[in-house]
Structure formats: structure tokens, C-alpha cells
K.L.:
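Dropping a structure here in C-alpha cells format, bear with me for questions.
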There are 2 protein chains.
Amino acid sequence: MPTSSSITIRDVAAHAGVSHQTVSRVINGSERVSPETRQRVEEAIEALGYRPNATARFLATGRPLTFACLAPNLTDYTFASIIEGATTEARQHGYFMISASAPDDDTFATLMEQLISSRRAEGLIVINPYADGRHTRVPQDVPTVFVGARPREGAINSISLDDDAAGRQAVQHLLGLGHERIALITGPLEEDCSQDRQAGYEAALQEAGHPVDPAMILEGDWSATSGYEAVQQWLEDRINFTAIFAQNDRMAVGAIRSLRESEIRVPEDVSVIGLDDMPLASYFDPPLTTMRQDMLGIGREAARLLVTAVENPGGVHQHERFPVELIVRRSTAQKSS
Amino acid sequence: MPTSSSITIRDVAAHAGVSHQTVSRVINGSERVSPETRQRVEEAIEALGYRPNATARFLATGRPLTFACLAPNLTDYTFASIIEGATTEARQHGYFMISASAPDDDTFATLMEQLISSRRAEGLIVINPYADGRHTRVPQDVPTVFVGARPREGAINSISLDDDAAGRQAVQHLLGLGHERIALITGPLEEDCSQDRQAGYEAALQEAGHPVDPAMILEGDWSATSGYEAVQQWLEDRINFTAIFAQNDRMAVGAIRSLRESEIRVPEDVSVIGLDDMPLASYFDPPLTTMRQDMLGIGREAARLLVTAVENPGGVHQHERFPVELIVRRSTAQKSS
DNA sequence: ATGAAAGCGCTAACAT
DNA sequence: ATGTTAGCGCTTTCAT
């Protein structure tokens with residue numbers, strides 16, 4: 001089997017004594033080829049080591065069979081999982097994924113130009129589109145799925161967690177353990193999910209007849225450090241609370257560190273619940289109570305929606321919300337007396 | 001600025017009253033265009049909202065300006081970081097990256113066919129090529145960089161940690177604290193890095209005049225669970241040790257969990273050192289002593305080597321090793337009497 | 001400095 | 001069932 005250096009469809013045709021179009025039919029699995037001819041062509045392909053040139057095919061069909069997936073970064077575990085799910089699912093449908101990190105608005109705009117305007121990719125997945133103004137940079141008429149954003153005006157598919165329900169669930173778990181003074185550490189408030197999780201938190205509290213105390217709500221930036229600092233702040237301000245809902249696991253871990261350093265026991269004195277179920281969440285001390293999100297599944301679904309959008313132009317835009325699953329470990333416990 | 005739906009170079013040419021070739025010259029920044037003509041063409045481009053079609057350009061030049069990066073998965077923090085570094089660096093040089101996960105040999109082979117043989121990508125980065133037989137699946141003559149593999153025969157660039165030095169450094173740190181009975185949890189032994197880290201461990205021990213006891217060496221699979229189980233095993237076998245070197249952080253964390261459950265204190269009774277400096281390594285209890293590897297830098301360097309290989313065919317193959325940096329936190333301490 | 005012609009490797013449309 | 005003729009949108013000679 002010789003090298004496939006630059007054997008073209010015509011070389012194969014010559015070798016098999018047929019027209020190049022017949023070769024094209026064979027490699028595309030058309031029915032309209034006699035068995036004998038097909039056989040001869042396949043032998044020629046094998047003999048010459050022919051491999052179809054993807055670029056040429058893309059040009060001829062006008063379809064690059066490629067998606068782009070943009071996230072603030074590629075290393076965050078949640079982003080990476082979504083990307084993995086989307087990439088794998090896309091492949092199943094014949095598409096490859098170009099993923100790139102767009103830390104800011106400008107980078108995002110540049111990538112739009114190079115990826116979308118140049119028609120290098122025919123579909124787009126944007127993770128965290130409301131992290132900044134990037135959602136406004138998406139060109140019209142490009143099949144797109146936003147991940148981690150609420151449905152909005154505009155012709156775009158969206159997938160997100162059911163963040164409101166997640167917020168409620170966290171609070172209800174804590175309420176069920178007897179806690180009433182529940183503090184909240186949010187993510188950046190420009191992100192939909194932070195707002196929705198907070199809304200769920202407030203709703204659950206109010207429905208249970210408890211007040212929402214603004215002093216017990218602090219904004220973090222998803223980092224462990226910001227969770228740590230939120231607790232420091234409350235301690236300085238002498239805020240009383242017996243439980244904390246951190247909107248992600250990293251902030252929860254930071255909060256626990258801070259509590260411990262102040263000799264406050266978790267969960268005996270204060271319960272802490274996070275959200276994500278990040279890797280090793282059960283290996284922290286104490287093992288983290290949290291809410292698991294199916295990030296791989298979200299990524300897969302994003303790819304599925306995108307395939308649908310690309311293959312059925314003018315279709316209806318979909319909006320989905322994924323549920324969260326409570327994982328009770330040991331950072332939450334019954335409120336002590 | 002109208003839509004760029006399907007404006008071609010010829011539309012622009014007509015609009016500007018020049019030949020399409022002149023438009024080509026303008027968008028490629030050729031010198032051989034008079035300022036006035038250039039001006040007119042640029043106005044036409046603006047007026048029509050023209051954007052060059054990347055696929056057409058690829059076909060004409062024979063260069064897809066795309067790399068592929070294959071890893072066992074996309075979510076592992078070390079892989080994701082390497083990918084992020086490589087993707088970003090590649091972009092700097094005008095290349096996009098298609099990344100995909102190849103959990104096994106067969107998937108890898110299929111991806112080679114779809115990505116490389118079809119000339120959809122012109123360069124290849126393989127993370128962990130010796131995880132299985134995948135390194136044999138890389139076609140000849142494709143510019144390739146192996147990440148996480150020792151230099152070998154064959155025309156391929158490689159980058160890895162200086163794993164041998166890392167193994168030594170871990171042991172020397174422990175030796176310096178007075179430990180002599182140092183147990184080792186390795187990664188899968190088919191991977192170069194596991195072997196090399198073990199070689200460094202053994203060399204450092206021997207140079208210090210201490211025996212290498214095979215009973216104190218157990219093979220893990222990088223997971224926290226395998227670290228946990230290794231310690232269980234030693235405990236059952238009543239092996240005596242005062243320190244553990246786990247070849248990655250996850251296994252270190254698992255080992256610590258196991259030790260604690262047996263009422264063995266870390267670091268008072270047993271010191272534990274890992275390798276990676278994974279996110280939140282400092283948030284475990286105790287904060288993990290480990291060795292940091294610059295995964296983003298490794299990824300960037302991989303992309304740089306690949307650009308060189310692609311742009312200078314027939315060049316020399318490079319092999320690089322990155323150093324590791326000891327991060328002393330609190331899971332290691334002076335051996336108690 | 002600019003244009004005309006040819007072709008990259010394939011698919012699509014129309015014959016036969 | 002198979003071949004012929006045209007492109008896809010661009011770059012690359014080679015003229016002028």
C-alpha cells in the first residue's frame with residue numbers, strides 16, 4: 001500500500017479505466033455503480049493508496065463539516081467536560097470541532113472573523129456567552145448554541161442548568177437540616193446562572209417563610225479565594241449564619257478553609273454545600289456535599305442541537321435546561337441545637 | 001455593511017473594475033498594487049462585505065492551516081492545560097487546532113484516517129502516545145510532536161517532563177527531612193513517565209546508600225482510588241514506611257485519605273508528596289506538597305515545534321524536557337524521631 | 001502594476 | 001450504469 005501523497009480521483013480513474021466521476025460515486029457509496037466496476041475501482045484505490053482530500057470536498061460541497069466551540073478557557077473542568085461531550089457527539093455526526101479559548105471580548109470577535117466569517121466552521125457553540133459582551137459578536141444567521149445562558153430574544157439555541165431549581169434544592173436541603181440562617185456566595189452576577197441560582201435561593205427561603213438578608217449574600221468570582229474572602233467578610237461583619245450555599249465547589253472549598261482557620265467546625269458549626277461535583281470533591285475534608293451537573297451530557301446535547309440547526313436551516317430554536325442532582329456527603333449536617 | 005453570504009473575489013473585482021487577481025493581491029497584502037487600485041478594491045470589499053473563503057484558499061494552496069491534537073481525554077487537567085497552551089500558541093502562528101479525545105487505539109486510528117490521511121490537518125500533537133499502541137498508528141511523514149514521551153527512534157519530535165529528575169527531586173526532598181523508608185506509587189508502567197519517575201526514585205535512593213525495596217513500590221492508574229488502594233495494600237502487608245511519593249497528585253490525595261482512615265497522621269506519622277500541583281492542591285487537608293509542572297508551557301512549546309516542523313520540512317527533530325518545581329506545603333515534614 | 005489562463009481535487013448536473 | 005462538462009473560490013504562473 002503505497003503512500004497517498006497526492007493521488008487524486010483521476011489517477012484512480014485512469015488506473016481502473018473509468019471516469020473520475022465513477023470513482024467519486026464509489027467513494028461516496030452511490031448505488032449507481034455496477035458491482036464489477038465498483039470492485040475494479042476499489043482495487044485501484046487500494047493499489048494506489050488513494051485517500052480523498054477533505055478540503056477539496058469541502059469546497060465542492062460548500063460544507064466544511066466543522067464546528068467551533070469557544071469558551072473563556074479550555075482548562076476549567078466544567079468547560080473541558082462540555083467540550084469533550086460536544087466534540088465526541090459532533091464526531092458521531094461527521095463533524096470535527098475546533099475549540100479555542102476566548103478570554104475576552106476582543107479575542108472572541110477575532111475568532112468569529114477567522115472561524116465563522118471565513119466559513120471555516122459552519123456551526124458555533126459558545127460556552128458562557130454572557131461572561132462579557134461576546135454574545136453580541138456572534139454574526140447573524142450562523143447556527144449557534146449558547147451553553148450556560150437563559151433563552152433570550154434572538155434566533156439562538158440555548159442549554160443551561162436549571163439553575164433556579166438548583167438554588168432551591170440547595171436551600172431546601174439546608175432547610176431540611178434545620179438551618180434558617182443560610183448565607184450565599186454567588187458567581188459573577190453578570191452571568192445568568194449566578195442570577196438564577198440566587199433567584200432559586202431567595203424563592204426557597206421566602207416560600208419557607210424566612211427573610212432574605214442582603215448582608216448574607218456576597219458575590220464571588222468562582223475561585224476558591226473568593227469563597228475564602230466572602231467568609232472572612234462575614235466574620236468581620238459578625239454576621240450570624242449556620243449554613244452556606246456556595247454557587248460552585250471551588251468557592252465552597254475556599255469557604256471551608258476560611259471557616260476552619262477561624263476554628264469554626266464544618267459541618268458541626270456551619271454546613272456548606274457547593275455545586276458542580278468537581279473531581280475529587282469527595283476527597284476534601286470534609287467530603288463536599290454538592291449538586292452534580294452532567295456537563296458531558298450538556299456538551300453532547302449542545303452538539304446535537306447544533307447538528308439539527310445546521311442540517312435543518314430555518315428550524316425552530318430550542319431551549320433546554322438540565323437538572324442537577326443532590327450529592328449529600330459530609331460538609332452538611334443537622335443544625336446543632 | 002451587507003452580509004458576506006456569498007460574495008466572491010470576482011464580485012469585488014467587478015465592483016472595483018479590476019481583475020479578480022488584483023483583488024487577490026490586495027487581500028494577500030502584495031506590494032505589486034498601486035495605492036489607488038488598492039484603495040478602490042478595499043472600498044469594494046467594504047461595500048460588499050466580502051470575506052475570503054478559507055476553504056477555497058486551503059484548496060488552492062494545499063495547506064489547511066490546521067493542526068490536530070489528540071489526547072486520551074479532554075477533561076483531565078493536565079491534558080486540558082497542554083491543549084490550551086498548544087491551541088493558543090498555534091493560533092499565534094495562524095493555525096487552528098482540532099482537538100479530539102481518543103480513549104483507545106482504534107479510535108485513534110480512525111481519527112488518523114479522518115484527520116491526517118484526508119489532509120484535513122497538516123500537523124499532529126499526540127498527548128501520551130505510549131498509553132497504548134497508538135504511537136504505531138501515526139502515518140509516516142506527518143509533522144508530529146509527542147507530548148509525554150521519551151525521545152525514540154523515528155522521525156518525531158518529543159516533549160516531556162524531566163521525569164527522572166522529578167523522581168530524584170521528590171526522594172531528595174524526603175531524604176532531606178530524614179525519611180529513609182520511602183514508598184512509591186507509580187502511574188501505569190507502560191507510560192514512559194511512570195518508568196522514568198521510578199528510575200529517578202531508585203537512583204536517588206541508591207545514591208544515598210539506601211536499598212530499593214520492591215515491596216514498597218506499587219503501580220497505580222493515576223486515580224485517587226488507586227492511591228488509596230496502594231496504601232491499603234501496604235498496611236495489610238505490614239510494610240513499614242515513613243513517607244510516600246505518589247507520581248501524581250490524585251494518587252497522593254487518595255493515599256492521604258487511606259492513611260487518615262487508619263489513624264495515621266499526615267505529615268506527623270507519614271509524609272506524602274505528589275506531582276502536578278493540580279488546581280486546589282493547596283486546599284486539601286493537609287495542603288499538598290508536590291512538584292509543579294508547567295503544562296501550559298509544554299503545550300505552547302509543542303505547538304512551536306510543530307510550526308517549525310510544518311514550515312521547514314526535512315528539519316531536525318527536537319526533543320525537549322521540562323523541569324519540575326518543588327512546592328513544599330504541609331503534607332511533608334521532618335521525620336519524627 | 002495588472003490581467004488572462006490554468007488548476008487545486010472534488011461534486012453536481014446533465015447526458016447517454 | 002457511466003461519462004462529460006462545469007464549476008466551488010481561490011492562488012499561481014506567465015504575459016503584457
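Letters A, B, ... mirror the listed sequences (proteins, then strands); counts begin at 1. Both backbone and side-chain heavy atoms feed into the values below; hydrogens, waters and symmetry mates do not. Since the structure is predicted, the reported quantities are computational estimates derived from the model, not experimental observations.
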K.L.:
So, B/Arg134 side chain and B/Ala102 main chain: donor-acceptor pair closer than 3.5 Å or not?
P.N.:
yes
K.L.:
Which angle, rounded to 10°, do you find between the first-five-pair axis and the last-five-pair axis of the helix from C/dA1-D/dT16 to C/dT16-D/dA1?
P.N.:
30°
K.L.:
Strictly by ring-ring contact (aromatic ring centres under 6.0 Å, His included), give each pair with a member in residues 119-152 of chain B just once, sequence neighbours left out.
P.N.:
B/Tyr130-B/His135
K.L.:
Strictly below 4.0 Å, heavy-atom distances to any atom of DNA chain D: list the hits from residues 36-45 of chain A, or just say none.
P.N.:
A/Thr37
K.L.:
Please check: side-chain N/O of A/Asn53 versus main-chain N/O of A/Ala56, any donor-acceptor pairing under 3.5 Å?
P.N.:
yes
K.L.:
Quick one: which residue pairs count as a ring-ring contact (aromatic ring centres under 6.0 Å, His included) with a foot in residues 92-114 of chain A, not counting sequence neighbours?
P.N.:
A/Phe67-A/Tyr95
K.L.:
Check for a donor-acceptor pair, side chain of B/Asn312 on one end and backbone N or O of B/Gly315 on the other, with a separation under 3.5 Å.
P.N.:
no
K.L.:
Test of understanding: with salt bridge (charged side-chain N to carboxylate O under 4.0 Å, His left out), list the residues that count as partners of A/Asp106, not counting sequence neighbours.
P.N.:
A/Arg137
K.L.:
Tell me, which of residues 12-26 of chain A have any heavy atom that sits under 4.0 Å from an atom in DNA chain C?
P.N.:
A/His20, A/Gln21, A/Ser24
K.L.:
Testing the basics here: between A/Cys193 and A/Trp222, what is the closest heavy-atom pair and its distance to 0.1 Å?
P.N.:
SG-CZ2, 3.8 Å
K.L.:
Which pairs with one or both residues in residues 58-74 of chain B pass salt bridge (Lys or Arg N to Asp or Glu O under 4.0 Å), sequence neighbours excluded?
P.N.:
B/Arg63-B/Glu122
K.L.:
Donor-acceptor pair, distance only, cut-off 3.5 Å: does the side chain of A/Arg300 make one with the backbone of A/Ile298?
P.N.:
no
K.L.:
NA contact type, B/Arg57, heavy-atom cut-off 4.0 Å: base, sugar-phosphate, or nothing?
P.N.:
sugar-phosphate
K.L.:
Reading DNA chain D in the 5' to 3' direction, which nucleotide is the first one with an atom under 4.0 Å from a heavy atom of chain B, and which is the last?
P.N.:
D/dG9 to D/dT12
K.L.:
For residues 303-310 of chain B, tabulate all N or O donor-acceptor pairs below 3.5 Å that involve a side-chain atom, not counting sequence neighbours.
P.N.:
unit_1   : atom_1 : unit_2   : atom_2 : d
B/Arg304 : NE     : B/Glu89  : OE2    : 3.3
B/Arg304 : NH1    : B/Glu301 : OE1    : 2.3
B/Thr308 : OG1    : B/Arg304 : O      : 3.0

K.L.:
Of all nucleotides in DNA chain C that come within under 4.0 Å of a heavy atom of chain B, which is furthest toward the 5' end and which toward the 3' end?
P.N.:
C/dA1 to C/dG9
K.L.:
Identify, between A/Pro35 and A/Arg10, the residue whose nearest nucleotide on DNA chain D lies closer to the 5' end.
P.N.:
A/Pro35
K.L.:
Give me each pair satisfying salt bridge (Lys or Arg N to Asp or Glu O under 4.0 Å) with a member in residues 8-17 of chain A, each pair once, sequence neighbours excluded.
P.N.:
none
K.L.:
Under 3.5 Å, which donor-acceptor pairs link side chains of residues 77-84 of chain A to any protein atom two or more places apart or in another chain?
P.N.:
unit_1  : atom_1 : unit_2   : atom_2 : d
A/Thr78 : OG1    : A/Asp76  : OD1    : 2.6
A/Ser81 : OG     : A/Tyr77  : O      : 2.8
A/Glu84 : OE1    : B/Leu74  : N      : 2.7
A/Glu84 : OE2    : B/Ser101 : OG     : 2.6

K.L.:
For the side chain of A/Asn157 and the backbone of A/His317, is there at least one donor-acceptor N/O pair under 3.5 Å apart?
P.N.:
no
K.L.:
Taking A/Arg51 for its side chain and B/Arg119 for its backbone only, find out whether a donor-acceptor pair lies under 3.5 Å.
P.N.:
no
K.L.:
Would you say A/Asp192's side chain and A/Arg150's backbone share a donor-acceptor pair under 3.5 angstrom?
P.N.:
yes
